[in-house]
Amino acid sequence: MLEGALVITGPTASGKSALALALAQQVDIEIISADSAQVYRGMNIGTAKPSAGVLADVPHHLIDIRDPVEPYSAADFRQDLLTLVPDIQRRDRLPVIVGGTMLYLKALKNGLADLPAADQAVREEISVQAASHGWSSVHRELQGIDPDAARRIQPTDTQRLQRALEVYRLTGSTLTELHRRSTTPCPFPLTEIGILPDDRKKLHQVIEDRFLDMLDKGFVEEVAALKSKPENHKGLPALRAVGYRQIWSYLEGRTDYDSMVQEGIVATRQLAKRQYTWLRSWEGLVTQKSADLAEVLKIVSRGSISK
RNA sequence: GGCUGGGUGGCAGAGUGGUCAUGCAGCGGUCUGCAACACCGUUUACGCCGGUUCGAUUCCGACCCCAGCCU
């Protein structure tokens, strides 16, 4: 039996989940979702979350563990995996990590530096500053504090800019300095399989079909339900997910239905493209052009990858 | 048949006698607590045929196509 954990990743709509479920028919596994959107309750159709039936059949983790107002993060994911994987192994099952949120997988694989968690108050402070003086002034400030980070981070990349400054204000140390200290990589071995369809046109078609299918299944109603809750707002990471953001905007009357559909499909294609970018340079990745259960079974029983 | 306006990259849409429109899409890339995020880079044009010109997408003429108006 394979040591450590098996990872099945790939761009959206490449068939990761189906492959994992097929594997579950043959091997005693528990699935850990590596998906930044499936963690949220009430987000089912648009995240292609496994059905209740499937969830009852095969043990799944990290699905429906947050409300949309409670942001989840790569650090949370890594922390959760560090306890989940050994737990599953103690049950004599193979942990299978399935998902396409590459930052989460990277945080697990390479570890994270010892940085402070997000701090809403500090972020707010920086946002206010940016609102009155502009992000370029924030960038200039960072230049004085951490020139290396300022060089890496574009003045327009407001999110990372804010983070770099946040870390400094919280710790008094620069992001660059903290990154230099070693991070702890994953304590258990990872065997990583990536499904990378080589026919992009075909994947685009699958993406379009799937998005239309989600709409048929009530995606708009799902977003409307989320929108009707007063605590939810469109700035939440959860609600900026592909499809949710576009439908929310449509529900606000900002676009017509057809444009919304187009925008949703486009956003999904772009997500897939970014995932390819991560995966092309992923070290140690065993790639498949399409889901290949037989090969996965070989890898699992062999206990190692020889390729 | 006549008159007028127009034909610009996959789409939208400016403009100019010789240098880059731009936006979107597509493609490539970056990525350390928002990552399905945020951001960076980038390919493809001037309806057709002639003429004027050192040089035409831009000026002139014919033709084709589209829209509107007239007969």
Side-chain angles (χ1 to χ4, degrees), chain A residues 9 11-13 33-40 43 46-49 66 68-80 99-120 122-124 126-127 130 135 139 149 151-164 166-167 170-171 174-185 200-201 203-204 207-208 210-211 214 233-248 255 259 262-282:
Chain A
T9 186
T12 185
S33 160
D35 187 306
S36 63
Q38 289 186 354
V39 296
Y40 297 109
M43 293 173 59
T47 62
K49 197 177 282 177
R66 294 284 146 106
V69 277
E70 318 165 309
Y72 191 67
S73 73
D76 294 327
F77 176 80
R78 176 181 145 76
Q79 207 45 55
D80 286 342
T101 300
M102 298 306 156
L103 180 67
Y104 287 11
L105 294 176
K106 192 184 174 222
L108 173 67
K109 188 185 174 89
N110 299 340
L112 292 169
D114 188 19
L115 301 177
D119 184 304
Q120 248 357 92
V122 173
R123 288 189 177 187
E124 185 57 30
I126 298 168
S127 293
W135 282 104
H139 191 256
R151 208 170 310 117
R152 275 197 318 270
I153 302 170
Q154 302 278 340
T156 43
D157 190 352
T158 57
Q159 240 173 56
R160 279 179 252 279
L161 191 49
Q162 185 179 47
R163 174 63 179 161
E166 174 189 41
V167 167
L170 252 23
T171 64
T174 66
L175 189 61
T176 303
E177 217 175 290
L178 294 170
H179 280 177
R180 254 198 293 275
R181 298 182 197 164
S182 63
T183 60
T184 358
R200 194 72 74 90
K201 290 261 182 311
L203 182 70
H204 285 178
I207 284 171
E208 177 173 339
R210 193 176 70 156
F211 193 79
M214 285 173 174
H233 62 269
K234 62 179 171 184
L236 290 169
L239 296 166
R240 289 199 300 205
V242 161
Y244 290 87
R245 182 199 299 235
Q246 289 77 23
I247 293 175
W248 188 290
T255 42
S259 313
Q262 236 11 72
E263 286 161 13
I265 292 167
V266 163
T268 314
R269 284 203 295 255
Q270 294 176 336
L271 166 64
K273 182 158 78 81
R274 276 177 265 127
Q275 290 170 312
Y276 273 99
T277 302
W278 276 108
L279 291 168
R280 271 191 282 252
S281 60
W282 202 268

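Residue numbers begin at 1 in each chain, while the letters A, B, ... track the order of the sequences. These numbers come from the heavy atoms of this one structure, side chains and all, not from hydrogens, waters or symmetry mates.
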* Gap in Å between the two P atoms, one belonging to B/G47 and one to B/A14, rounded -> 15 Å

* How does RNA chain B look in dot-bracket notation if pairs are Watson-Crick or G-U with both distances under 3.5 Å, crossing ones as [ ], other-strand ones as |? -> (((((((..(((.....[...))).(((((.......)))))....(.(((..]....))).)))))))).

* Let me know the distance between CD of A/Glu263 and C1' of B/C24, rounded to the nearest Å. => 10 Å

* Pairs touching residues 103-115 of chain A that satisfy salt bridge (Lys or Arg N to Asp or Glu O under 4.0 Å), sequence neighbours left out -> A/Lys109-A/Glu192

* Asked: Taking the C1' atom of each, how far is B/G50 from B/G15, in whole Å?
  -> 25 Å

* To do: Could you tell me whether a side-chain N or O of A/Thr183 sits under 3.5 Å from a main-chain N or O of A/Asn110, the two making a donor and an acceptor?
  => yes

* Asked: Counting distance only, does the side-chain N/O of A/Gln162 pair as donor-acceptor with the main-chain N or O of A/Ile126 below 3.5 Å?
  -> no

* Atom-pair distance (NE2 on A/His204; P on B/G10), nearest Å -> 18 Å

* To do: Please name all residues satisfying side chain to side chain donor-acceptor pair (under 3.5 Å) with A/Tyr104, sequence neighbours left out, ordered by chain then number.
  => none

* Taking the side chain as every heavy atom from C-beta outward, state whether A/Thr174 and A/His179 have any pair of such atoms under 4.5 Å apart. => no

* Asked: What nucleic acid atoms does A/Asp35 come within less than 4.0 Å of, heavy atoms only: base, sugar-phosphate, or nothing?
  -> base

* To do: Would you please confirm or rule out a distance under 4.0 Å between OP1 or OP2 of B/A36 and any side-chain N or O of A/Thr47?
  => no

* For B/G26 and B/U58, measure between their P atoms and round to the nearest Å. => 33 Å

* Asked: Would you say the side-chain atoms of A/Asp80 pair up with the backbone N or O of A/Phe77, donor to acceptor, closer than 3.5 Å?
  -> no

* Asked: Are the side chain of A/His139 and the backbone of A/Thr156 linked by a donor-acceptor contact shorter than 3.5 Å?
  -> no

* Syn or anti: how is B/G41 classified when any glycosidic angle within 90° of 0 counts as syn? -> anti

* What is the distance from CG of A/Leu239 to P of B/C37, rounded to the nearest Å? -> 13 Å

* Structure fact -> Taken in chain and number order and not counting sequence neighbours, the residues that satisfy side chain to side chain donor-acceptor pair (under 3.5 Å) with A/Ser33 are A/Gln38

* Picking from B/C27, B/A36, B/C40, which would you name as closest to the side chain of A/Gln154? -> B/C40

* To do: Could you check A/Arg163 against A/Glu166 for salt bridge (charged side-chain N to carboxylate O under 4.0 Å, His left out), going step by step and ending with a plain yes or no?
  => CA-CA 5 Å; A/Arg163 174 63 179 161; A/Glu166 174 189 41; 2.9 Å; yes

* Take the protein atom CE of A/Met102 and the nucleotide atom C1' of B/A36, then report the distance between them rounded to whole Å. => 11 Å

* Which whole-number value in Å describes the distance from A/Gln275 CD to B/G28 P? -> 13 Å

* Structure fact -> Whole-Å distance, A/Gln38 CD to B/A35 C1', equals 15 Å

* Asked: Tell me, for nucleotides 29-34 of chain B in 5' to 3' order, what letter each nucleotide earns: B for a base near a protein heavy atom under 4.0 Å, S for only sugar-phosphate near one, - for neither?
  -> BSBBBB

* Asked: Rounded to the nearest 0.5 Å, what separation is found between the CD1 atom of A/Ile247 and the CD atom of A/Glu263?
  -> 11.0 Å

* To do: Using atom CD of A/Gln262 as one end and atom P of B/G10 as the other, report the distance to the nearest whole Å.
  => 18 Å

* Check RNA chain B against residues 264-271 of chain A and give the residues with a non-hydrogen atom under 4.0 Å, in numerical order. => A/Val266, A/Arg269, A/Gln270, A/Leu271

* Once you round to the nearest 0.5 Å, how far does CZ of A/Phe211 lie from CD of A/Gln262? -> 9.5 Å

* In whole angstrom, give me the gap between the C1' atoms of B/C49 and B/C54. => 23 Å

* Kindly say whether A/Ser36 contributes a backbone atom to a donor-acceptor pair with the side chain of A/Thr101 at under 3.5 angstrom? => yes

* To do: Using the P atoms only, state how far B/G5 lies from B/G61, rounded to an integer number of Å.
  => 12 Å

* Counting only N and O atoms by type, is there a donor-acceptor contact under 3.5 Å from the side chain of A/Lys49 to the main-chain atoms of A/Met43? -> yes

* Asked: Expressed in whole Å, how much space separates the C1' atoms belonging to B/U57 and B/C48?
  -> 14 Å

* In whole Å, what separates the C1' atom of B/C27 from that of B/G7? -> 29 Å

* To do: Pick the C1' atom in B/U53 and in B/G68, then give their distance to the nearest Å.
  => 36 Å

